[in-house]
Amino acid sequence: MKKLVALAAMLAMALTVSACGSNGGGSGNDGGNSGTDAAKTLIVYQNKAEVTTPMQDYAEKWGADNGVKVVVKTCTGSCDYGAAMKADINAGETPDIFVIEGITGYNLYKDIMEPMDGEAWVDQTQYEFVQDGKVYGYPVAVEGYGLAYNAEILEKAGVDPKTLTNLPAYEEAFAKIDGMKDELGLTAVVSLVSAEGSTWVLGNHNFAGYLSSGLAYDDTSVTDMALKGEVDAARLSTYADWVELLFNYTDKKMLTVNSNDEQMAEFGAGKYAFLHQGTWADQPVLEAGGTFKMGFAPHAPLGAEETNGLFAGAPSWYCLNKDSANLDLAKKFLNDLCFSEEGQKMMTEEVGLVSAFENNTHRPTGPLSSALADWIEQGGTAYSFTN
């Protein structure tokens, strides 16, 4: 009996070792592939819900053309991308291509990142992620924002959005529109939220006004002060005036209770003249019936001083796992995404993003993304939101 038990234990151990050896996990960061499987599977890990299906369709065709299976993994919404990446890395299943959203992501993954200097796509963009003089990130797209507006409502109110370049101009326009709310069918002038779960609207996008407005794109002087615990008191004061103005002309229920989804839906339904969001609001606004003409006016956090720029830049970048068994394929995947007609159309016309690449002449059809594309093409001023 003891011999039978021992034999069973040995057999179980042998099966366990066999199973562990066959999953390709190993100790290296090879995208979860080993042996012949490594040459057949490319894993792309991304974090934009709207990219998922178009990217999967593109990847399936690209994979068939290049003799490789491409797996597109997505982590968005309630999924914690950082925690999921950590789990994959610890399991020896680091994706071949993954996403970072700036310096924090770079600092987390810099030890496994492959530089991409010299890749053909680098010459086609000004939005690549560079650190210590080396290119590490392929820009997913360009996103941007100002204060979005319903052009039809502004026209009915007799407000020219081109005049909205400083605080006094906004004060006058807001007061005028507020006095016409019933006539225009409005709940309030500005759709803005700051409830729990929505604080990023002010904490990231609005505060960029203090950090970047009126400055050259690469000017980090105000940010550098903030990181030292210092402030520009005069600049902070006029910024506070801008926030106060937005609060004064926002429905208090919208401001303190409602969600981002409700905020964008109400704007799409024509209940607000302005929306404090960016190009990513296209789909929810359209779904709420927002087929009217839209645009962006600059934020006005510098008081009477003119501001003539929108906040624009790459919100995220694709990066390469330097230990990938598929490194050459991963590089080809990104270059083809930049240069192929299919890749260009997929990111712009299908996903609806503004391309980060000069060689891509395709445009998104969403009204806010289209407005940003017009701004960039016409040489409009851009302020950094990566500060």
Side-chain angles (χ1 to χ4, degrees), residues 20-48 51 55 58-59 62-63 66-75 79-141 314-340 343 347 356-357 386:
C20 290
S22 67
N23 69 5
S27 60
N29 295 318
D30 61 1
N33 305 296
S34 64
T36 57
D37 288 341
K40 296 179 181 179
T41 305
L42 183 72
I43 299 177
V44 180
Y45 202 10
Q46 64 93 33
N47 63 347
K48 283 186 173 293
V51 171
M55 179 68 87
Y58 171 81
W62 185 91
N66 288 274
V68 59
K69 178 182 178 181
V70 183
V71 176
V72 179
K73 296 172 56 179
T74 299
C75 181
C79 176
D80 186 332
Y81 182 84
M85 269 291 289
K86 183 178 181 180
D88 282 354
I89 292 171
N90 289 340
E93 298 175 353
T94 308
D96 303 287
I97 299 173
F98 58 93
V99 168
I100 65 168
E101 294 186 317
I103 189 65
T104 301
Y106 169 79
N107 286 334
L108 282 172
Y109 310 123
K110 61 184 178 182
D111 291 339
I112 63 167
M113 290 170 68
E114 172 76 6
M116 290 186 273
D117 302 84
E119 292 299 312
W121 63 261
V122 176
D123 292 334
Q124 299 297 326
T125 185
Q126 59 178 323
Y127 298 104
E128 68 272 26
F129 183 87
V130 178
Q131 191 67 19
D132 297 327
K134 293 184 178 181
V135 176
Y136 285 98
Y138 173 110
V140 175
S316 56
W317 294 263
Y318 293 133
C319 302
L320 299 179
N321 169 15
K322 69 179 180 63
D323 298 319
S324 167
N326 306 297
L327 198 53
D328 288 341
L329 273 172
K331 290 179 179 180
K332 178 173 172 50
F333 183 87
L334 294 182
N335 275 311
D336 287 352
L337 195 60
C338 171
F339 288 101
S340 71
M347 294 302 284
F357 297 93
T386 56

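All values reported here derive from a predicted model rather than from experimental measurement.
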Sorted by chain and number, sequence neighbours left out, ring pair (Phe, Tyr, Trp, His ring centres under 6.0 Å) with Tyr106 holds for Phe129, Tyr136
Which residues satisfy the salt bridge (Lys or Arg N to Asp or Glu O under 4.0 Å) test with Lys69, sequence neighbours excluded?
-> none
Test ring-ring contact (aromatic ring centres under 6.0 Å, His included), reference Phe333, set Trp62, Tyr138, Tyr318, output is Trp62
With Lys332 via side chain to side chain donor-acceptor pair (under 3.5 Å) - residues at least two apart | Asp336
Contacts of Asp123 meeting side-chain contact (heavy atoms from CB on, under 4.5 Å) (sequence neighbours excluded), chain-then-number -> none
Under the salt bridge (Lys or Arg N to Asp or Glu O under 4.0 Å) rule, collect the residues that match up with Lys73, sequence neighbours excluded.
-> Asp88
Taking ring pair (Phe, Tyr, Trp, His ring centres under 6.0 Å) as the test, write out the residues that go with Phe98, two or more places apart.
-> Tyr109
Test item: Val44 and Val71 side chains (from C-beta on) under 4.5 Å apart, heavy atoms | no
Between Ala59 and Val72, what is the shortest heavy-atom contact and its length?
-> CB-CG2, 3.8 Å
Working to the nearest 0.5 Å, report the span between CG of Asn321 and CG of Leu327.
-> 8.0 Å
Please identify each residue that fulfils side-chain contact (heavy atoms from CB on, under 4.5 Å) with Ala314, with sequence neighbours left out.
-> Tyr127, Pro139, Trp317
For Asn47, side chain to side chain donor-acceptor pair (under 3.5 Å) partners two or more places apart | Glu101
Does the Ser316 side chain pair with the main chain of Val140, one donor and one acceptor, at a distance under 3.5 Å?
-> no
Say you draw a straight line from OG of Ser324 to CG of Leu42; how long is it, rounded to the nearest 0.5 Å?
-> 6.5 Å
Could you state the interatomic distance from CE (Met113) to CG (Asp111), rounded to the nearest 0.5 Å?
-> 10.5 Å
Let me check something: any side-chain donor-acceptor pairs from residues 115-122 under 3.5 Å, sequence neighbours excluded? List them with distances.
residue	atom	partner	partner atom	Å
Asp117	OD1	Val135	N	3.3
Asp117	OD2	Val135	N	3.3
Glu119	OE1	Asn335	ND2	2.8

Report the distance from atom CG of Leu320 to atom CG of Leu329, rounding to the nearest 0.5 Å.
-> 11.5 Å
Gap between atom OG1 of Thr94 and atom NZ of Lys322 - 0.5 Å precision | 10.0 Å
Between Val70 and Tyr58, is a side chain to side chain contact (heavy atoms under 4.5 Å, CB included) present by the stated rule, with each step listed?
-> CA-CA 10 Å; Val70 183; Tyr58 171 81; over 6 Å; no
At their closest point, which heavy atom of Ile100 faces which heavy atom of Cys319, and how far apart are they?
-> CG1-SG, 3.6 Å
Within-4.5 Å side-chain heavy-atom neighbours: Val99 and Met85 = no
For Thr74, side chain to side chain donor-acceptor pair (under 3.5 Å) partners two or more places apart | Gln46, Thr52
Considering only heavy atoms from C-beta outward, does the side chain of Asn326 approach that of Val68 to under 4.5 Å?
-> no
Gap separating the NZ atom of Lys134 from the NZ atom of Lys110, nearest 0.5 angstrom = 12.5 Å
Mind checking what makes side chain to side chain donor-acceptor pair (under 3.5 Å) contact with Lys331, not counting sequence neighbours?
-> none
